[in-house]
Amino acid sequence: MGLLSSIKSTLIISLSIFMPAFCSNYTISCSQPTQPALLEALSPVFDLSDIRPVRNMSTCTNVTIFFTLYGILGVDEKAQLLTAYIWLQCLWINEFVSWDPVQCGTDMMALPSSQFWIPDIVINEFMEENKAPPVPYLYLYSNGQVNLAIPVRVVSSCNLNIYTFPFDIQNCIYTFNSYLHYASDIKIYLGRSAELITQISQSVMATMGEWELLEITANKVNHDGENENLYYDELEFQIRLKRRATMYVVNLLLPSCFLITVDLFSFLLPPQSVDRSAFKMTLILGYTVFLLIMNDLLPVTGNTIPLINVFFSLCLALMVASLLETILITNLLCGSADFSPVPHWMRVLVLQFLGVIVCMPRMNKKPRVSEIDLKTRTAVAAIETYVGLQEPKGQSAEDLAVYELKKLGKDLQAIRLKVDQELKDSQSSEEWMQVGFIIDRLLFGLYILFISVSFITIIIIWVNSYNK
């Protein structure tokens with residue numbers, strides 16, 4: 001307790017010695033116009049580095065800030081983080097310091113920053129500590145202005161919307177405010193126009209990676225009508241970034257479009273003579289391997305599903321649907337003779353309605369004459385010729401001929417029933433084949449529609465992203 005009392009007494013005595021001098025005269029006198037003389041004259045000011053440099057405690061310290069965005073180091077979509085490197089400058093007035101530039105030989109001097117009071121300006125969106133190298137000096141001017149310039153490695157939270165990946169534009173916010181002092185003590189102002197900040201940042205940008213700086217805007221957070229002792233003064237910067245999409249278009253979209261186009265033209269292969277299913281299975285395996293290899297290029301986030309992921313899923317779904325449809329067509333071509341007749345609802349829906357839509361009307365072919373029918377007609381003609389040429393030799397011969405003709409008539413009737421059954425089965429088989437061809441044509445049209453809409457959408461989004 002005795003040591004504590006002595007420290008308090010020493011501090012009170014020191015303040016009683018220095019404060020009257022500063023309150024009466026804040027102009028420093030130099031013994032000669034040299035830096036050592038100026039440094040010696042400034043030594044009493046160094047003892048006041050722990051307090052805000054104002055003559056009256058009710059006076060507000062106006063801090064002017066601006067920064068230059070030097071590099072965009074990375075964007076983490078999963079963690080929603082933006083990593084950037086900025087040069088931050090803060091300016092304020094130290095009311096305890098002023099000197100005559102002629103008397104002291106200079107109007108500015110670089111001094112250790114630890115010897116002066118520094119405002120506790122922070123970025124609200126900071127998520128990690130500043131790992132940039134420290135700068136131990138600042139500039140002090142003859143009028144009392146202090147200029148502090150430091151590099152800052154900013155790892156900040158950013159609400160990333162990657163729905164239009166890789167043609168997305170992100171808006172990240174830096175909010176500068178005092179960590180401890182209310183607006184009655186520290187107010188923050190913009191020291192350079194937002195247009196000039198954007199222009200300088202774009203000219204000195206050192207990283208030419210995935211992201212491109214579009215613009216930086218600034219606005220003061222409005223607290224009109226509030227008590228200055230109840231809020232912190234804030235200055236907000238909005239940084240607009242655009243992703244360079246060329247790499248993703250070349251590595252992701254174009255190969256996917258090529259594979260889906262090859263699958264589209266595979267519909268032109270005749271299913272009767274070519275194993276189309278094996279070709280489509282090879283395409284599906286290749287597309288799956290392609291997606292696995294390129295998975296690292298896709299953003300990982302639980303917020304929203306990117307549109308490109310939906311595109312890839314639809315491409316894979318169409319490939320699988322085309323494979324299943326090919327299996328159906330092959331089954332109809334090979335085993336339609338064993339199927340039951342086409343149901344009435346399917347005949348109306350597919351053969352009449354969908355057939356007209358895909359420009360494949362129902363075929364009305366005449367029943368083809370089967371080989372059995374030809375043999376039957378030949379046999380009937382031979383019998384008629386035989387009956388016409390032979391003359392009956394008696395009653396017994398006529399009775400025998402009538403009997404034989406009746407027997408042949410029954411055989412011909414059985415043959416006719418057999419031929420009618422085969423013609424009916426043939427017609428049912430042709431209807432099933434027609435159903436398969438209509439479904440094949442319908443999926444082909446859906447393929448063309450999907451690819452056209454996808455290409456047009458990608459081109460529109462890409463062009464709009466470059467026009468912004």
Side-chain angles (χ1 to χ4, degrees), residues 69 71-84 158 160-172 201-202 205-215 239-268 279-323 446-468:
L69 183 60
I72 302 170
L73 304 183
V75 175
D76 189 346
E77 290 88 357
K78 185 176 182 180
Q80 299 280 293
L81 295 177
L82 168 67
T83 304
C158 182
L160 301 175
N161 184 8
I162 58 174
Y163 179 73
T164 57
F165 173 90
F167 310 106
D168 51 331
I169 296 177
Q170 306 297 340
N171 291 301
C172 296
S201 298
Q202 291 175 342
M205 184 73 66
T207 57
M208 297 298 293
E210 181 180 356
W211 294 91
E212 176 186 356
L213 175 63
L214 292 181
E215 65 174 344
I239 303 174
R240 298 187 71 224
L241 305 174
K242 182 180 72 174
R243 194 191 302 265
R244 293 186 173 96
T246 305
M247 180 187 70
Y248 296 97
V249 172
V250 173
N251 293 332
L252 286 177
L253 292 178
L254 287 183
S256 180
C257 293
F258 290 155
L259 289 175
I260 200 71
T261 304
V262 171
D263 192 41
L264 170 66
F265 282 99
S266 68
F267 282 92
L268 301 179
F279 179 76
K280 289 182 175 291
M281 180 62 71
T282 305
L283 279 179
I284 292 177
L285 292 176
Y287 192 70
T288 304
V289 173
F290 163 75
L291 292 180
L292 291 176
I293 294 175
M294 296 301 170
N295 188 45
D296 293 337
L297 294 178
L298 296 175
V300 180
T301 179
N303 188 13
T304 56
I305 299 177
L307 191 60
I308 191 173
N309 289 17
V310 178
F311 172 73
F312 289 151
S313 299
L314 288 178
C315 289
L316 186 59
L318 278 178
M319 286 184 174
V320 173
S322 67
L323 176 60
L446 292 177
Y447 242 100
I448 295 177
L449 179 63
F450 170 75
I451 292 178
S452 302
V453 172
S454 299
F455 284 1
I456 294 173
T457 303
I458 291 172
I459 292 173
I460 291 176
I461 295 176
W462 196 0
V463 171
N464 288 338
S465 67
Y466 274 94
N467 290 335
K468 291 182 179 180

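Atoms CD1 and CD, on Ile162 and Gln80 in that order, are 7.5 Å from each other to the nearest 0.5 Å. To the nearest 0.5 Å, atom CG of residue Leu323 and atom CG of residue Leu318 are 12.5 Å apart. To the nearest 0.5 angstrom, Ile456 atom CD1 is 12.0 Å from Ile451 atom CD1. The distance from the CH2 atom of Trp211 to the CZ atom of Arg243 is 3.5 Å, given to the nearest 0.5 Å.
Scanning for side-chain contact (heavy atoms from CB on, under 4.5 Å) contacts around Val453 gives Leu449, Thr457, with sequence neighbours left out. With sequence neighbours left out, the side chain to side chain donor-acceptor pair (under 3.5 Å) criterion links Gln202 to no other residue. Residues satisfying the side-chain contact (heavy atoms from CB on, under 4.5 Å) criterion with Ala79, sequence neighbours excluded, are Asp76, Leu81.
In terms of heavy-atom proximity, Pro299 sits nearest to Pro306 at CG-CG, 3.9 Å. Scanning all heavy atoms of the two residues, the minimum distance from Asn171 to Cys158 falls at O-SG, 3.7 Å. A pairwise comparison of heavy atoms in Ile169 and Arg240 identifies CG2-NH2, 3.7 Å as the closest pair.
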Just list the side-chain donor-acceptor pairs under 3.5 Å for residues 253-265, sequence neighbours left out, or say none.
residue: Ser256; atom: OG; partner: Tyr287; partner atom: OH; Å: 2.8
residue: Thr261; atom: OG1; partner: Cys257; partner atom: O; Å: 2.6
residue: Asp263; atom: OD1; partner: Lys280; partner atom: NZ; Å: 3.1
residue: Asp263; atom: OD2; partner: Ser322; partner atom: OG; Å: 3.2
residue: Asp263; atom: OD2; partner: Tyr447; partner atom: OH; Å: 2.1

List, one per line, each side-chain donor-acceptor pair under 3.5 Å for residues 307-316, sequence neighbours excluded.
residue: Ser313; atom: OG; partner: Asn309; partner atom: O; Å: 2.9

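Between Met205 and Leu213 the shortest side-chain heavy-atom distance falls below 4.5 Å. With a 4.5 Å cut-off on side-chain heavy atoms, Leu82 and Leu241 count as touching. Taking the side chain as every heavy atom from C-beta outward, Leu298 and Leu252 approach each other to under 4.5 Å.
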Practice prompt. Before giving the answer on side chain to side chain contact (heavy atoms under 4.5 Å, CB included), spell out for Leu297 and Phe165 the whole-Å C-alpha distance, their side-chain angles and the decisive distance to 0.1 Å.
Written response: CA-CA 11 Å; Leu297 294 178; Phe165 173 90; 5.8 Å; no
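For CE of Met281, the number of neighbouring non-hydrogen atoms (other residues, nucleotides, ligands) closer than 6.0 Å is 12 at most.
The stretch residues 286-297 participates, sequence neighbours left out, in no salt bridge (Lys or Arg N to Asp or Glu O under 4.0 Å) pair at all. Listed by first and then second residue, the salt bridge (Lys or Arg N to Asp or Glu O under 4.0 Å) pairs involving residues 306-315 amount to none (not counting sequence neighbours).
Put simply, the side chain of Gln170 gets close to the backbone of Asn161: a donor and an acceptor are under 3.5 Å apart.
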